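Report on one structure; see the data block that follows.
Here the structure is a predicted model, which means the values were calculated and not measured.
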Amino acid sequence: MLFYREMQSEWRDGFLFVGNHLVLDFLNTRPVMDGQPMELLPDASALAKWLGAAGLVTPAQAARLGKKWSGSIGEIQSFRERLRRVVIQMEAGESASASFVSELNRLLAQYPEAEQVFMGELNWERRKRFDPQVPLDVFAPLASATSGLLTDVDSQRIRQCRNCVVHFYDASKRGTRVWCSMNLCGNRSKVAAHSARQRASS
């Protein structure tokens with residue numbers, strides 16, 4: 001199961017990180033802003049930057065890949081939108097389709113995650129190794145994280161923000177999170193509700 005630690009800020013290097021899961025943060029690279037969808041991954045260079053922002057590669061690697069990579073990433077964007085449909089189904093209490101799982105299994109076989117052993121503080125430890133050479137290599141961590149989302153995560157805690165299209169995994173203790181972020185949508189909703197109450201009482 002792959003969860004991401006809470007970021008100090010919802011935005012990192014121009015990308016939104018409120019999902020608490022790699023897959024959901026990947027989906028959130030196409031948020032709606034001012035009523036219009038915004039593509040935060042328009043090309044391979046932007047993908048390299050996102051990999052660094054997501055912590056999948058070091059900042060130095062991200063900068064190197066950003067200079068090396070160019071062109072469209074249509075196959076990755078198309079997968080993201082198919083994945084979005086699956087996540088929306090999960091949020092509605094449904095299961096992923098057999099065709100999507102078949103595609104996922106193909107990606108897992110074609111882009112397996114490598115592992116390596118290293119000396120930790122007390123003993124040998126195992127960790128995943130990601131050294132992308134081409135943009136499509138991003139399917140290795142994405143496919144692995146997607147399989148974890150389908151098999152290891154409580155789907156009742158996968159939600160879409162009450163006010164916007166952003167998806168998140170509710171990692172709160174009480175499991176009552178309804179907004180992508182208090183800073184982004186929560187405070188806005190509270191201000192709107194307060195204003196409505198004042199108008200109603202006047």
Is the backbone of [Y] close enough, under 3.5 Å, to the side chain of [X] for a donor and an acceptor to pair up by distance?
{"X": "Glu125", "Y": "Phe118", "answer": "no"}
{"X": "Arg157", "Y": "Ser172", "answer": "yes"}
{"X": "Asn20", "Y": "Tyr169", "answer": "yes"}
{"X": "Gln77", "Y": "Leu41", "answer": "yes"}
{"X": "Arg30", "Y": "Pro37", "answer": "no"}
{"X": "Asp25", "Y": "Gly19", "answer": "yes"}
{"X": "Ser144", "Y": "Ala140", "answer": "no"}
{"X": "Trp69", "Y": "Gln133", "answer": "yes"}
{"X": "Thr29", "Y": "Phe26", "answer": "yes"}

Around [X], counting heavy atoms of other residues, nucleotides and ligands shown, do more than 12 lie under 6.0 Å from its [atom1]?
{"X": "Gln110", "atom1": "CD", "result": "yes"}
{"X": "Arg106", "atom1": "CZ", "result": "yes"}
{"X": "Glu94", "atom1": "CD", "result": "yes"}

Quick one: closest heavy-atom pair of [X] and [Y], and the distance?
{"X": "Leu107", "Y": "Ala143", "value": "CB-CB, 4.0 Å"}
{"X": "Phe168", "Y": "Val18", "value": "CB-O, 3.5 Å"}
{"X": "Cys164", "Y": "Cys180", "value": "SG-SG, 3.8 Å"}
{"X": "Pro42", "Y": "Ala46", "value": "CD-CB, 3.5 Å"}
{"X": "Asp43", "Y": "Gly71", "value": "CB-O, 3.4 Å"}
{"X": "Val101", "Y": "Ala96", "value": "CG2-CB, 4.2 Å"}

Contact between [X] and [Y] at the side-chain level, heavy atoms closer than 4.5 Å - yes or no?
{"X": "Glu10", "Y": "Phe17", "value": "no"}
{"X": "Pro141", "Y": "Glu113", "value": "yes"}
{"X": "His167", "Y": "Ile88", "value": "yes"}
{"X": "Leu104", "Y": "Val86", "value": "no"}
{"X": "Val138", "Y": "Phe79", "value": "no"}
{"X": "Asn28", "Y": "Phe15", "value": "no"}

[atom1]/[X] to [atom2]/[Y] distance, rounded to the nearest 0.5 angstrom?
{"X": "Lys128", "Y": "Leu56", "atom1": "NZ", "atom2": "CG", "value": "10.0 Å"}
{"X": "Glu91", "Y": "Gln160", "atom1": "CD", "atom2": "CD", "value": "5.5 Å"}
{"X": "Asp131", "Y": "Leu65", "atom1": "CG", "atom2": "CG", "value": "8.0 Å"}
{"X": "Leu142", "Y": "Asp137", "atom1": "CG", "atom2": "CG", "value": "11.0 Å"}
{"X": "Leu24", "Y": "Ile158", "atom1": "CG", "atom2": "CD1", "value": "6.0 Å"}
{"X": "Leu149", "Y": "Met90", "atom1": "CG", "atom2": "CE", "value": "4.5 Å"}

Using salt bridge (Lys or Arg N to Asp or Glu O under 4.0 Å) as the criterion, list what pairs up with Arg126, not counting sequence neighbours.
Glu115

Any salt bridge linking Lys49 with Asp13? Criterion: basic side-chain nitrogen under 4.0 Å from a carboxylate oxygen.
no

Could you label the plane-to-plane angle of the Tyr111 and Phe139 rings as parallel, tilted or perpendicular, counting under 30° as parallel and over 60° as perpendicular?
tilted

Qualifying residue, where the test is side chain to side chain donor-acceptor pair (under 3.5 Å) with Asp170 and the options are Arg159, Gln156, Arg177:
Arg159

